[in-house]
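Since the structure comes first, as structure tokens, the remarks are kept for the end.
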Amino acid sequence: MLRTLISPSITRPLTSNKVVARAFSTAYIQRQAVTATEDKSYTHILTETKGKVGLITLNRPKALNALCSDLFTEVNQALKTYDSNDNIGAIVITGSKKAFAAGADIKEMKDNTFVDTYKNNFLGHWAEMIEIKKPIIAAVNGYALGGGCELAMMCDIIYAGEKAVFGQPEIKLGVIPGAGGSQRLVKAVGKSKAMEMILTGNVNLNASEALNLGLVSKVVPIDDLVDEAVKTAGVIANMSQPSVQMAKEAINKSFEVPLSAGLRWERIFFQSLFGTADQKEGMNAFAEKRAATFTNK
Ligand SMILES: CCCCCCC[C@H](O)CC(=O)SCCNC(=O)CCNC(=O)[C@H](O)C(C)(C)COP(=O)([O-])OP(=O)([O-])OC[C@H]1O[C@@H](n2cnc3c(N)ncnc32)[C@H](O)[C@@H]1OP(=O)([O-])[O-]
């Protein structure tokens, strides 16, 4: 069943896609229930492997998952561990039902001085996350405010629970977004809405507004959110990993470079994939009317 889903038949309709997808999702969730294992233990996060998916759960419930420095260090460690694990193909980051994350830890940073933050490159280590090659899905329930919204936007796909709230309230604290909000939010929702959110600090987006504006790609019932994100991550994890990672890099290039350079990057990535065994397998499987088995080689 899995092989049916990952076959290049994406270019050719299956006889009954809905039946296959439903059977796949049931089989996949059952398989995950069997294979889920808890990973290394951390102080502020939980990590669990579900099939080929690494699941990171922010776990500071009393502070609504406020992002203290140690928490973010742990997130980066967990991401790097999954990125270097050949058995993992995609990652999901989630929080609690009440809060994905209520922002940077205000109590921790309130006494910082300019000299300290500048000398120690405060927030600089957040950027390590964007070097992760494997796709990351943010599964956002509840508050995603300030650094919480920025963390979600650093991920590659955002799924929202029905009661999710996205906002950038930093202006009310006498500062501005410091981990990408003023840049990524503009690209996600446009200049006018981003200005309104960031300059007032109290215009938040609910899940359906976030969906309509393109900040999130799907809204899911609260209780189903993590399973749904893990399911999508599982589909991605079963594709050929060189293709998946080059696709992620090519899409991210579109935010950085002019169109002509982005198109050149895309073509070179595309051409280079003809050097993989998975390209031969994928295209031969299509021609032979069978499911592909990718080896990530
Ligand atoms: C590595 C460093 C990263 C830095 C990144 C910086 C970049 C970023 O752009 C800057 C920010 O995110 S600036 C931040 C932008 N974000 C904001 O400005 C949002 C601030 N938070 C809020 O406005 C409210 O908590 C909510 C509306 C989220 C919930 O309201 P509610 O349902 O009435 O719940 P409640 O009773 O209010 O909270 C329960 C407990 O959680 C506690 N806690 C919560 N957030 C915290 C935080 N960020 N901090 C610390 N603690 C925080 C709260 O104190 C309380 O603890 P207590 O010991 O029991 O007193």
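Order of listing sets the numbers, starting from 1, for every ligand and every atom in it.
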Numbering the atoms of ligand 1 from 1, which are under 4.0 Å from a heavy atom of [X]?
X	answer
Leu67	1 (C), 2 (C), 3 (C)
Leu173	13 (S), 14 (C), 18 (O)
Ser69	1 (C)
Glu170	8 (C), 9 (O), 10 (C), 11 (C), 12 (O), 13 (S)

Ion pair check, [X] and [Y], cut-off under 4.0 Å:
X	Y	answer
Lys80	Glu131	no
Lys253	Glu256	no
Arg184	Glu150	no

Would a search of protein heavy atoms around [atom] find one under 4.0 Å away?
atom	answer
atom 56 (O) of ligand 1	yes
atom 32 (O) of ligand 1	yes
atom 22 (C) of ligand 1	no

Which of these, [options], has its nearest heavy atom closest to [atom]?
atom	options	value
atom 47 (C) of ligand 1	Ala104, Pro177, Gly103	Ala104
atom 15 (C) of ligand 1	Pro61, Pro169, Ala179	Pro169
atom 44 (C) of ligand 1	Ala66, Cys149, Ala63, Gly147	Ala63
atom 20 (C) of ligand 1	Ser182, Ala102, Gly178	Ala102

Non-hydrogen atom of [X] closer than 4.0 Å to ligand 1:
X	result
Lys172	no
Glu108	no
Met109	yes

Considering non-hydrogen atoms of the protein only, which is the closest contact for [atom], and what is the distance?
atom	result
atom 4 (C) of ligand 1	Leu123 CD2, 2.8 Å
atom 38 (O) of ligand 1	Leu64 CD1, 3.6 Å
atom 8 (C) of ligand 1	Glu150 OE1, 3.2 Å
atom 3 (C) of ligand 1	Trp126 CZ2, 2.9 Å
atom 59 (O) of ligand 1	Lys62 O, 4.7 Å
atom 53 (C) of ligand 1	Lys107 NZ, 3.9 Å

Restricting to non-hydrogen atoms, name the atom on Ala194 and the atom on Val189 that form the minimum distance, rounded to 0.1 Å. N-CG2, 3.8 Å
Which atom names give the shortest non-hydrogen contact between Leu215 and Ile158, and what distance separates them? O-CD1, 3.5 Å
Does any N or O of ligand 1 fall below 3.5 Å from an N or O anywhere on Ile106, backbone included? yes
Within reach of ligand 1, part of Leu71 (heavy-atom separation under 4.0 Å): neither
Between the side chains of [X] and [Y], is a donor N or O closer than 3.5 angstrom to an acceptor N or O?
X	Y	result
Thr57	Asn59	no
Thr232	Tyr159	yes
Thr200	Asn202	yes

Which pairs count as side-chain hydrogen bond (donor to acceptor under 3.5 Å, both in side chains) when at least one residue sits in residues 89-116, sequence neighbours excluded? Arg60-Asp105, Lys97-Asp223, Thr113-Asp116
Ignoring hydrogens and angles, tell me if any N or O in the side chain of Glu209 forms a donor-acceptor pair with the backbone of Asn206 under 3.5 Å. yes
Can you run down the salt bridge (charged side-chain N to carboxylate O under 4.0 Å, His left out) pairs that involve residues 154-175, sequence neighbours left out, and say none if there aren't any? Asp156-Lys248
Geometric class of the Phe72/His125 ring pair [parallel <30°, tilted 30-60°, perpendicular >60°]: perpendicular
Suppose we call two aromatic rings close when their centres sit under 6.0 Å apart. Are Phe270 and Phe274 close by that rule? yes
